[in-house]
Amino acid sequence: MDKNITPHHYQVSMGDRRKSNGHNSFLLWFTGLSGSGKSTIANVVEQKLYQKGIKTYTLDGDNIRKGINNDLTFSPEDRTENIRRIAEVANLMIDAGLVTLAAFVSPYKKDRENIRTIVKDVNFVEIYINTSVEECERRDVKGLYKKARLGEIKNMTGISAPYEAPENPDIEIKTEHESVEAAAQRIIDFITPKLKLNNE
């Protein structure tokens with residue numbers, strides 16, 4: 001930290017905001033190949049949380065890559081910086097008392113471990129959307145795999161760039177064998193105990 005920056009201590013704490021919201025705040029991190037179903041499942045999870053009165057916010061490529069990270073490419077170095085910035089934004093969201101959902105390919109283990117360090121292990125839930133590259137390519141929702149095969153996209157995860165799968169995710173969803181609704185409900189069941197404040 002710059003020695004000229006002095007932290008200002010505000011009177012309203014994260015604990016106060018959590019108490020006001022009536023629930024804990026933490027990060028749900030959805031990782032998996034492009035087209036695996038990360039955003040689709042995150043969207044249904046957020047809807048279910050919203051219906052329960054839980055305060056949420058979802059971070060994804062649309063609201064991050066077009067804004068705060070619009071200066072970054074898809075090179076390995078920029079992917080790392082992309083994830084670092086998202087983790088820092090998520091950390092602010094947690095401090096604000098929100099259950100934060102983030103759906104990003106995030107292909108490198110070291111970057112996902114860095115997220116855990118930034119937001120603290122207790123606030124991090126890693127959700128691996130395990131869909132084969134063959135299935136993702138078959139879906140090809142955004143037409144990215146076709147472009148990658150034609151050489152129009154460099155550093156395409158699963159095609160010309162690696163994806164390092166989580167070894168011990170908190171939740172693993174195999175979308176080729178589980179419906180979106182069932183997957184979302186399984187995530188809700190897993191995080192429900194985490195939502196409770198310590199004094200409840």
Side-chain angles (χ1 to χ4, degrees), residues 26-52 54 56-67 69 72 74 79-80 82-83 86-87 89-90 93 98-109 111-113 115-116 119 123-150 152-153 155-192 194-195:
F26 47 85
L27 173 63
L28 301 179
W29 189 273
F30 296 77
T31 178
L33 294 171
S34 178
S36 61
K38 299 181 300 298
S39 295
T40 301
I41 295 169
N43 185 33
V44 176
V45 170
E46 184 173 32
Q47 287 174 42
K48 287 178 178 291
L49 290 170
Y50 179 78
Q51 287 159 9
K52 290 173 176 281
I54 306 298
T56 62
Y57 193 79
T58 296
L59 301 168
D60 67 14
D62 288 336
N63 59 25
I64 290 290
R65 280 279 186 182
K66 291 177 182 174
N69 288 352
L72 300 177
F74 287 89
R79 280 179 180 270
T80 291
N82 182 52
I83 298 304
I86 296 162
V89 170
M93 297 273 185
L98 303 177
V99 172
T100 308
L101 302 87
F104 294 91
V105 175
S106 46
Y108 305 122
K109 285 180 191 174
D111 294 343
R112 296 193 301 269
E113 283 305 311
I115 303 162
R116 192 185 295 273
V119 304
N123 296 323
F124 184 69
V125 179
E126 186 176 52
I127 303 166
Y128 175 28
I129 308 302
N130 184 355
T131 307
S132 68
V133 68
E134 293 79 15
E135 176 62 15
C136 292
E137 194 164 0
R138 188 189 67 75
R139 297 175 188 173
D140 206 5
V141 187
K142 299 175 183 175
L144 299 177
Y145 288 95
K146 184 179 180 183
K147 288 180 181 176
R149 292 292 186 193
L150 293 170
E152 295 172 17
I153 295 179
N155 298 314
M156 176 71 184
T157 304
I159 302 295
S160 53
Y163 178 78
E164 299 170 359
E167 290 171 4
N168 295 296
D170 295 294
I171 305 169
E172 182 173 358
I173 307 292
K174 296 186 177 180
T175 67
E176 289 153 270
H177 307 288
E178 189 170 7
S179 71
V180 170
E181 179 64 28
Q185 189 56 52
R186 192 149 64 86
I187 293 166
I188 292 292
D189 292 344
F190 180 87
I191 66 172
T192 294
K194 285 182 73 70
L195 289 166

J.: Indicate the atoms forming the closest heavy-atom contact of A102 with L27, along with that distance.
T.: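 Minimum heavy-atom contact is CB-CD1, 4.0 Å.
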J.: How far does NZ of K142 sit from SG of C136, to the nearest 0.5 angstrom?
T.: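 Answer for the NZ-SG pair, K142 versus C136, is 11.5 Å.
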J.: Taking side chain to side chain donor-acceptor pair (under 3.5 Å) as the definition, give me every residue that meets it alongside Y163, ordered by chain and number, with sequence neighbours left out.
T.: T31
J.: Give, for atom OG1 of T80 and atom OH of Y108, the distance between the pair rounded to the nearest 0.5 Å.
T.: 6.5 Å
J.: Got a second to check how far Q51's CD is from Q47's CD, nearest 0.5 Å?
T.: 6.5 Å
J.: Quick one about T175 and E135 (side-chain donor to acceptor, distance below 3.5 Å, no hydrogens or angles considered), yes or no?
T.: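 No, because no side-chain N or O of E135 sits under 3.5 Å from a partner of the opposite role on T175.
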J.: Testing the basics here: between I83 and S106, what is the closest heavy-atom pair and its distance to 0.1 Å?
T.: CD1-CB, 3.8 Å
J.: Considering residues, nucleotides and ligands other than K109, do more than 12 of their heavy atoms fall under 6.0 Å from its NZ?
T.: yes
J.: With side-chain hydrogen bond (donor to acceptor under 3.5 Å, both in side chains) as the test, pick out the partner of N130 among K174, E176, E172.
T.: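 Output: one option passes, namely E172.
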J.: Identify the two heavy atoms, one from Y145 and one from S34, that lie closest to each other, and give their separation to 0.1 Å.
T.: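 Y145 and S34 have their closest heavy atoms at OH-O, 2.6 Å.
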J.: CG of L28 to CD1 of I187: how many Å apart, nearest 0.5 Å?
T.: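 Between L28 CG and I187 CD1, I get 7.5 Å after rounding to 0.5 Å.
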J.: List the atom pairs, donor and acceptor, that lie under 3.5 Å between side-chain atoms in residues 38-46 and the rest of the protein, sequence neighbours left out.
T.:
| from | atom 1 | to | atom 2 | distance (Å) |
| --- | --- | --- | --- | --- |
| K38 | NZ | G32 | O | 3.2 |
| K38 | NZ | L33 | O | 2.9 |
| E46 | OE1 | T58 | OG1 | 2.8 |
| E46 | OE2 | T56 | OG1 | 2.7 |

J.: Would you check if L195 and L49 make a side-chain contact, meaning some heavy-atom pair closer than 4.5 Å?
T.: yes
J.: Indicate the atoms forming the closest heavy-atom contact of N82 with R65, along with that distance.
T.: ND2-NH2, 3.7 Å
J.: Under 4.5 Å between any side-chain heavy atoms of R79 and T157, yes or no?
T.: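 R79 reaches T157 side chain to side chain.
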J.: I'd like to check N69 versus I86 (side-chain heavy atoms, cut-off strictly below 4.5 Å). Are they in contact?
T.: yes
J.: D60 side chain to I64 main-chain N or O, any donor-acceptor pair under 3.5 Å?
T.: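 Absent.
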J.: Side chains of M156 and K147, heavy atoms from C-beta outward: is any pair under 4.5 Å?
T.: no
J.: Drop me the distance from I127's CD1 to I191's CD1, to the nearest 0.5 angstrom.
T.: 7.0 Å
J.: Nearest heavy-atom pair of E126 and P166: which atoms, and what distance?
T.: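 Between these two residues, the closest heavy atoms are OE1-CB, 3.6 Å.
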J.: Minimum heavy-atom separation for L59 and N63, please, with both atom names.
T.: CA-OD1, 3.6 Å
J.: For the atom pair OG1 (T192) and NZ (K48), what is the distance rounded to the nearest 0.5 Å?
T.: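 These two atoms lie 10.5 Å from each other.
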J.: Under the ring-ring contact (aromatic ring centres under 6.0 Å, His included) test against F104, which residue among F30, W29, F74 passes?
T.: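 That would be W29.
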J.: Could you walk me through whether V99 and K194 pass the side chain to side chain contact (heavy atoms under 4.5 Å, CB included) test, one step at a time?
T.: CA-CA 10 Å; V99 172; K194 285 182 73 70; over 6 Å; no
